[in-house]
Colleague: 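Here it is, the structure in full.
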Amino acid sequence: MYWSKLFIPTLREDPADAEVASHRLLLRAGYIRQLSAGIYNYLFLAQRSILKITQIVREEMDAIGGQEMLLPALNPAEVWKESGRWEGMGQNMFRLKDRWGHDLCLGMTHEEIMTYIARGELRSYKQLPQIWYQIQTKFRDEPRPKSGLLRVRQFIMKDAYSFDLAPEGLDKSYDAHAVAYRKIFTRCGLDFIEVEADSGAMGGSQSQEFMVASAAGEDFVVRCRATGYAANLEKAVSRPVPPAQPDPEGDAPEEIHTPGQKTIAEVAAFLSLPETSLIKSVVVVTDDNRPFLVLLRGDHQLSETKFNSAVGAKEHRAAHPDEIREWFQADPGSLGPVGVTKLKVLTDKALEGRQNMVSGANRNDYHLKNVTPGRDFMAEYHDLRQVVSGDTELETGAALDVVKTVEIGHIFKLGYRYSKSMGLNVLTESGEEKAVIMGSYGIGIERILCAAFELYNDKDGVSLPASIAPFALVLTVTNLKDEALLAAGNDLYAQAKAAGIDVLMDDRDERPGVKFKDADLIGIPWRINIGKKVAQGLVEVVERRTKEMVEKPLAEAIAYVADRLRG
RNA sequence: CGGGGCGUGGCUCAGCCUGGUAGAGCGCCUGGUUCGGGACCAGGAGGCCGGAGGUUCGAAUCCUCUCGCCCCGACCA
């Protein structure tokens with residue numbers, strides 16, 4: 001294509017409202033324009049990239065036997081009421097009424113509709129397994145859309161669903177998706193992290209997330225570069241950093257006066273002890289109104305998810321100050337486990353084996369020294385703390401990192417949740433009705449583009465992987481008035497086309513500097529400069545990401561690029 | 001929903017505090033000179049200052065309401 005005929009509205013300055021790198025560059029490079037909060041127009045360049053991404057997704061989904069469909073985004077309420085999610089989705093679901101007053105919604109995901117199709121048509125185990133997928137627009141009324149295309153209200157998702165007769169079948173479908181996802185993200189040129197995800201309160205189903213490291217991300221992943229261990233922060237386990245100071249000798253708790261010292265940091269400083277020598281007391285109440293005292297090492301944080309699964313709760317909240325006063329006869333800042341009988345005490349494993357530590361005395365302005373778990377209070381140990389950077393891997397002791405990430409894909413064993421609530425059964429070989437077991441598998445299409453922008457940008461713009469860049473090669477004719485250059489450019493263009501390269505010819509009547517800047521900004525991985533050296537039969541081939549430049553004879557330049565693109 | 005910030009030509013912003021009838025740079029159009037990292041000269045087009053109401057002789061500027069966008073938090077199948 002000829003740039004002079006295209007609509008690629010690049011900006012010379014950074015847009016004011018864009019803070020994260022991908023947002024700023026998607027706007028500057030002319031890929032997208034905003035329509036409203038969390039709603040974007042995808043212009044020519046974005047659409048080209050998206051088409052390349054979806055093509056990769058399609059090929060790999062087809063390779064595992066996926067069958068592409070296209071379901072409506074506009075859904076009747078009834079189907080969602082059957083699964084219980086008409087209520088369950090709450091305010092995140094866009095809802096509307098038709099002219100008759102019937103409730104409708106815009107689909108956030110399509111478990112319900114896929115199950116609806118399946119139960120109407122699948123009758124026999126002989127029809128299983130099935131993998132159905134679509135690449136389609138989803139709507140979610142996010143409370144706070146943000147960060148450009150990273151959190152939006154309308155986006156494209158590849159969502160796939162598997163239907164199997166038995167758990168072993170689901171395992172195969174799930175594993176096939178994991179393999180396909182690795183291929184998809186690798187082909188898209190992304191450096192991704194695969195993590196075990198929290199399977200949530202819905203039971204022990206398996207779930208994996210595919211993440212890309214990015215400062216703009218909202219999910220934390222714990223990763224070990226040495227062993228390859230990776231897990232969602234909420235689920236990660238580790239060996240804590242050892243206490244900063246060995247535990248002292250002592251035989252019984254003893255009160256010490258600590259006037260006005262409330263936080264861990266204050267108490268530690270007051271007593272000249274490291275935070276690791278203190279016991280942190282956290283009081284929480286579950287959604288079914290059970291209070292707990294949770295004990296952690298002073299420098300550790302409670303993991304919400306681990307606590308919930310330890311006590312079998314869906315949610316919990318911090319106890320109110322008046323509740324705490326009633327249960328402890330003391331205020332937050334002076335709480336501890338010794339003598340506590342009114343609520344259950346849970347102790348984090350990092351305190352196991354420790355002795356003679358400092359905790360609150362349950363008397364305002366007093367703490368206790370010589371507090372030993374198991375001796376001075378009943379200690380029931382659980383893994384309750386959140387991993388922090390600096391912790392080490394449980395088995396090997398190798399260093400762990402906590403990295404911020406963006407989620408690009410998620411695979412999930414659904415089990416029987418939808419088949420049972422919506423009545424999706426088939427007849428088995430022995431003629432009995434059996435619920436179908438399902439899996440669901442999602443990829444955020446725009447997030448792949450965003451992740452690439454986040455991963456591969458520099459001061460000049462973005463450098464996209466060739467597989468998802470809107471063009472693989474740009475031909476920069478430095479001076480359009482020079483007919484020899486233009487002729488050489490047109491010749492290279494024809495060669496590139498013939499070689500099957502997705503080529504963009506910059507035939508704009510602009511100065512060379514403008515063309516170089518734009519080419520760098522929009523991220524075309526390869527550029528050929530057609531300049532004065534054409535007189536000697538030479539052009540320059542430049543790789544966007546490395547800025548490396550080589551001179552090649554006119555007749556060899558395209559073959560060189562084609563070769564580099566292949567491998 | 002709580003907290004903060006911002007709405008002025010296409011873009012980035014100044015002007016607002018201390019009211020007097022709208023500016024700069026970039027971009028755009030025309031002509032000319034240029035042509036290897038966002039050129040230069042000359043001329044030109046383009047804004048009822050987010051909206052409504054109020055105060056005032058007079059409002060981009062002060063007051064009230066409202067709408068929108070961004071950021072932090074809460075939330076996130």
Side-chain angles (χ1 to χ4, degrees), chain A residues 7 9-20 23-24 27-30 33-40 80 83-94 105 107-112 138-148 150-153 155 157 159 197-202 205 207 209 216-219 234 304-305 314-315 317-318 406-407 410 412 414 417-418 440-442 444 459-461 476-482 485-486 506 508-522 527-534 538-540 542 544 547 549 551:
Chain A
F7 178 59
T10 57
L11 302 173
R12 292 204 177 201
E13 287 171 277
D14 282 336
D17 279 342
E19 301 209 349
V20 313
H23 187 201
R24 179 169 47 82
L27 286 167
R28 260 198 79 179
R33 286 294 182 264
Q34 183 174 38
L35 180 61
S36 182
I39 306 178
Y40 286 87
W80 288 82
S83 71
R85 292 210 289 184
W86 178 259
E87 287 78 25
M89 287 299 194
Q91 294 223 282
N92 272 12
M93 184 146 80
F94 279 106
C105 67
M108 309 171 66
T109 171
H110 280 74
E111 281 83 4
E112 278 81 356
K138 305 291 185 217
F139 298 87
R140 295 181 189 188
D141 195 359
E142 289 287 342
R144 187 152 91 83
K146 57 187 263 201
S147 309
L150 279 173
R151 181 163 293 279
V152 288
R153 296 196 288 175
F155 60 96
M157 184 172 177
D159 49 321
D198 178 57
S199 45
M202 301 210 312
S205 308
S207 164
E209 292 169 334
E218 299 181 281
D219 296 304
E234 285 297 313
E304 316 268 311
T305 308
K314 280 205 193 70
E315 279 173 51
R317 61 171 171 84
V406 171
E407 179 183 342
H410 196 163
F412 197 89
L414 288 175
R417 167 138 175 36
Y418 298 92
S440 105
Y441 317 89
K459 65 173 173 47
D460 294 318
T476 303
V477 179
T478 58
N479 186 348
L480 219 65
K481 298 277 160 43
D482 187 332
L485 302 191
L486 187 56
D506 192 350
R508 294 175 300 165
D509 187 11
E510 291 285 352
R511 293 169 62 84
V514 173
K515 297 187 176 190
F516 294 146
K517 290 283 186 194
D518 271 344
D520 285 352
L521 180 60
I522 69 176
R527 185 176 82 219
I528 296 181
N529 294 337
I530 299 140
K532 292 195 183 88
K533 289 172 199 152
V534 162
L538 294 174
V539 289
E540 297 162 354
V542 185
R544 168 65 180 86
K547 300 281 172 69
M549 189 230 284
E551 288 187 357

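A note on names: the letters A, B, ... follow the listed sequences, proteins ahead of strands, and every chain is numbered from 1. Since we're looking at a predicted model, the values are computed, not measured.
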Colleague: For a quick check of understanding: with a heavy-atom distance under 4.0 Å over all strands, which category does A/Thr478 fall into, base, sugar-phosphate or nothing?
Modeller: base

Colleague: Does A/Lys532 put a side-chain nitrogen or oxygen below 4.0 Å from OP1 or OP2 of B/G36?
Modeller: yes

Colleague: Provide, to the nearest angstrom, the distance between the CZ atom belonging to A/Arg24 and the P atom belonging to B/U12.
Modeller: 14 Å

Colleague: In whole angstrom, what separates A/Lys517's NZ from B/G37's P?
Modeller: 10 Å

Colleague: From CD of A/Glu510 over to P of B/G36, roughly how many Å is that when rounded to an integer?
Modeller: 14 Å

Colleague: Could you work out which one of B/G36, B/U34, B/C76 sits closest to the side chain of A/Lys481?
Modeller: B/U34

Colleague: Counting only Watson-Crick pairs (N1-N3 plus N6-O4 or O6-N4) and G-U wobbles (N1-O2, O6-N3), all under 3.5 Å, who is the partner of B/C6?
Modeller: B/G68

Colleague: In whole angstrom, give me the gap between the P atoms of B/U61 and B/G54.
Modeller: 14 Å

Colleague: Once you round it to whole Å, what is the distance between P of B/G36 and CD of A/Glu551?
Modeller: 16 Å

Colleague: Specify the separation, in whole Å, of atom CG of A/Leu485 and atom C1' of B/C35.
Modeller: 10 Å

Colleague: Given 3.5 Å as the limit, does a donor-acceptor pair link the side chain of A/Lys515 with the main chain of A/Thr478, or not?
Modeller: no

Colleague: May I ask you to verify whether the side chain of A/Arg151 and the base of B/C76 hold a donor-acceptor pair under 3.5 Å?
Modeller: yes

Colleague: Check whether the side chain of A/Glu13 and the base of B/G27 form a donor-acceptor pair under 3.5 Å.
Modeller: no

Colleague: Decide side-chain contact (heavy atoms from CB on, under 4.5 Å) for A/Asp518 and A/Glu510; before the verdict, give the C-alpha distance in whole Å, the side-chain angles of both, and the deciding distance to 0.1 Å.
Modeller: CA-CA 11 Å; A/Asp518 271 344; A/Glu510 291 285 352; over 6 Å; no

Colleague: Would you mind reading off the distance between A/Asp219 atom CG and B/C75 atom P, rounded to a whole angstrom?
Modeller: 14 Å

Colleague: Taking it one step at a time, do A/Lys532 and A/Asp482 satisfy salt bridge (Lys or Arg N to Asp or Glu O under 4.0 Å)?
Modeller: CA-CA 9 Å; A/Lys532 292 195 183 88; A/Asp482 187 332; over 6 Å; no

Colleague: Quick one: the side chain of A/Arg508 and the base of B/G38, do they pair up donor-acceptor inside 3.5 Å?
Modeller: no

Colleague: Does A/Glu540 reach a base, just sugar-phosphate, or nothing at all? Heavy atoms under 4.0 Å.
Modeller: base

Colleague: With a 3.5 Å limit on both atom pairs, tell me what B/A74 is paired to, counting Watson-Crick and G-U wobble, or say none.
Modeller: none

Colleague: Does any nucleotide pair with B/U30 by Watson-Crick or G-U wobble geometry, both distances under 3.5 Å, and what is it?
Modeller: B/A42

Colleague: Between B/C11 atom P and A/Leu27 atom CG, what is the distance in whole Å?
Modeller: 11 Å

Colleague: Under 3.5 Å, is there a donor-acceptor pair between the side chain of A/Lys547 and the main chain of A/Val542?
Modeller: no

Colleague: Need the pair for B/U56. Rule: Watson-Crick or G-U wobble, both distances under 3.5 Å, any strand; none if unpaired.
Modeller: none

Colleague: One thing to verify: whether A/Glu142 and A/Arg151 come together as a salt bridge, which I'm taking to mean a side-chain N less than 4.0 angstrom from a carboxylate O.
Modeller: yes

Colleague: According to the Watson-Crick and G-U wobble definitions, with both distances under 3.5 Å, which nucleotide is paired to B/A24?
Modeller: B/U12

Colleague: Counting only distance, no hydrogens or angles, is the base of B/G3 paired donor-acceptor with the side chain of A/Arg144 under 3.5 Å?
Modeller: no

Colleague: Students often get this wrong, so: under 4.0 angstrom with heavy atoms, is A/Asn529 touching a base, only sugar-phosphate, or nothing?
Modeller: base

Colleague: Have a look at A/Gln34 and say if it touches a base, only the backbone sugar-phosphate, or nothing, with a 4.0 Å heavy-atom cut-off.
Modeller: sugar-phosphate

Colleague: At under 4.0 Å between heavy atoms, what does A/Pro15 touch on the DNA or RNA strands: base, sugar-phosphate, or nothing?
Modeller: sugar-phosphate

Colleague: At under 4.0 Å between heavy atoms, what does A/Ser147 touch on the DNA or RNA strands: base, sugar-phosphate, or nothing?
Modeller: sugar-phosphate

Colleague: Does B/C69 have OP1 or OP2 under 4.0 Å away from a side-chain N or O of A/Ser36?
Modeller: yes

Colleague: Under a 4.0 Å N-O cut-off, is there an ion pair linking A/Arg527 with A/Glu540?
Modeller: no

Colleague: Classify A/Arg33 by what it touches in the nucleic acid, base, sugar-phosphate, or nothing, heavy-atom distance under 4.0 Å.
Modeller: nothing

Colleague: Would you call A/Arg24 and A/Glu19 a salt bridge, using N to O less than 4.0 angstrom?
Modeller: no

Colleague: Rounded to the Å, how far apart are A/Asp141 CG and B/A74 P?
Modeller: 19 Å

Colleague: Is the side chain of A/Arg28 donor-acceptor paired with the backbone N or O of A/Pro15 at a distance under 3.5 Å, no angle test?
Modeller: no

Colleague: With heavy atoms under 4.0 Å as the rule, sort A/Asn479 into base, sugar-phosphate or nothing.
Modeller: base

Colleague: Once hydrogens and angles are ignored, does a donor-acceptor distance under 3.5 Å link the base of B/G37 to the side chain of A/Asp460?
Modeller: no

Colleague: Any side-chain heavy atom of A/Glu209 sitting closer than 4.5 Å to one from A/Glu407?
Modeller: yes

Colleague: Looking at A/Asp518 and B/G38, is any side-chain donor or acceptor paired with a base atom of the opposite kind under 3.5 Å?
Modeller: yes

Colleague: Counting only side-chain heavy atoms from C-beta out, which of B/C70, B/G36, B/C75 sits nearest to A/Asp17?
Modeller: B/C70

Colleague: Can you check the distance between B/A22 and B/A59, where both ends of the measurement are the P atom (answer in whole Å)?
Modeller: 12 Å

Colleague: Can you tabulate the close N/O pairs, meaning under 3.5 Å, that link protein atoms to atoms of nucleotides 39-41 of chain B?
Modeller:
{"unit_1": "B/A39", "atom_1": "O4'", "unit_2": "A/Arg511", "atom_2": "NE", "d": "3.4"}

